[in-house]
**Student:** 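Take this structure, written in structure tokens, and hold onto it; I'll ask about it next.
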Amino acid sequence: SDIVYLKVRNMKELKKLKTALIMILFGNGFYLLHTYFLQTQSSSFSQFSQGILLGLSVGSNIVGIILLIISIRKIQEDKNV
């Protein structure tokens with residue numbers, strides 16, 4: 001029973017780990033788009049887009065890193081049990 005519970009919990013943590021890595025990749029993609037818009041004209045829409053993309057980049061990277069840390073910590077706790 002405990003072994004099955006740990007395997008199910010481990011699978012959930014691996015899904016969270018995959019989600020965290022995807023969030024970090026999206027964050028880097030948003031930052032690349034931000035730098036692309038940085039090179040274009042300085043119109044109001046361009047500045048707005050730069051701000052939105054930079055905010056999405058930072059936000060998704062922070063969420064991804066937090067999920068990554070939590071998932072790794074829980075997986076290590078399960079190995080110690």
Side-chain angles (χ1 to χ4, degrees):
S1 174
D2 287 338
I3 294 172
V4 173
Y5 171 74
L6 288 177
K7 285 185 179 183
V8 169
R9 183 173 167 181
N10 230 359
M11 292 294 288
K12 288 181 182 179
E13 293 307 320
L14 289 176
K15 286 182 183 179
K16 283 184 188 176
L17 193 64
K18 185 171 81 171
T19 303
L21 293 175
I22 290 171
M23 292 290 288
I24 292 171
L25 287 175
F26 274 132
N28 289 336
F30 289 139
Y31 186 75
L32 287 175
L33 287 173
H34 163 74
T35 56
Y36 172 75
F37 278 116
L38 195 63
Q39 296 172 357
T40 60
Q41 304 177 30
S42 182
S43 66
S44 297
F45 178 73
S46 176
Q47 289 178 352
F48 175 75
S49 300
Q50 289 173 21
I52 292 292
L53 288 171
L54 186 60
L56 287 172
S57 169
V58 171
S60 61
N61 276 327
I62 288 173
V63 169
I65 290 170
I66 290 171
L67 273 175
L68 190 71
I69 291 170
I70 290 170
S71 297
I72 290 174
R73 187 173 293 164
K74 286 185 180 179
I75 289 172
Q76 285 178 345
E77 286 175 3
D78 289 345
K79 285 184 180 180
N80 290 337
V81 170

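Values below: every heavy atom of this structure, side chains too, minus hydrogens, waters and symmetry copies.
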**Student:** Could you give the distance from CG (L56) to CZ (F26), rounded to the nearest 0.5 Å?
**Tutor:** 11.0 Å
**Student:** How long is the gap from OG1 on T35 to CZ on F30, to the nearest 0.5 Å?
**Tutor:** 13.5 Å
**Student:** List, by chain and number, the other hydrophobic cluster members for L67, where Ile, Leu, Val, Met, Phe, Trp and Tyr join if side-chain heavy atoms come within less than 4.5 Å, directly or indirectly.
**Tutor:** M23, V63
**Student:** Could you list the residues that satisfy ring-ring contact (aromatic ring centres under 6.0 Å, His included) with Y31, not counting sequence neighbours?
**Tutor:** H34
**Student:** Starting from M11 and following side-chain heavy-atom contacts under 4.5 Å between hydrophobic residues (I, L, V, M, F, W, Y), which residues can be reached?
**Tutor:** none
**Student:** How close do G27 and S57 get, heavy atom to heavy atom, and via which atoms?
**Tutor:** O-OG, 2.9 Å
**Student:** Running the 4.5 Å side-chain criterion over Ile, Leu, Val, Met, Phe, Trp and Tyr, what cluster does L25 land in, apart from itself?
**Tutor:** none
**Student:** Report yes or no: does S60 contribute a side-chain atom to a donor-acceptor pair with the main-chain N or O of I24 at less than 3.5 Å?
**Tutor:** no
**Student:** Partners of L21 by side-chain contact (heavy atoms from CB on, under 4.5 Å), sequence neighbours excluded?
**Tutor:** L68
**Student:** So how far is it from F45 CZ to Q50 CD, rounded to the nearest 0.5 Å?
**Tutor:** 11.0 Å
**Student:** Which distance, rounded to the nearest 0.5 Å, do you find between the CG of L54 and the CG of L33?
**Tutor:** 12.0 Å
**Student:** Go through the steps to decide whether I65 and I69 satisfy the test side chain to side chain contact (heavy atoms under 4.5 Å, CB included), and finish with yes or no.
**Tutor:** CA-CA 6 Å; I65 290 170; I69 291 170; 3.9 Å; yes
**Student:** Strictly by salt bridge (Lys or Arg N to Asp or Glu O under 4.0 Å), give each pair with a member in residues 16-33 just once, sequence neighbours left out.
**Tutor:** E13-K16
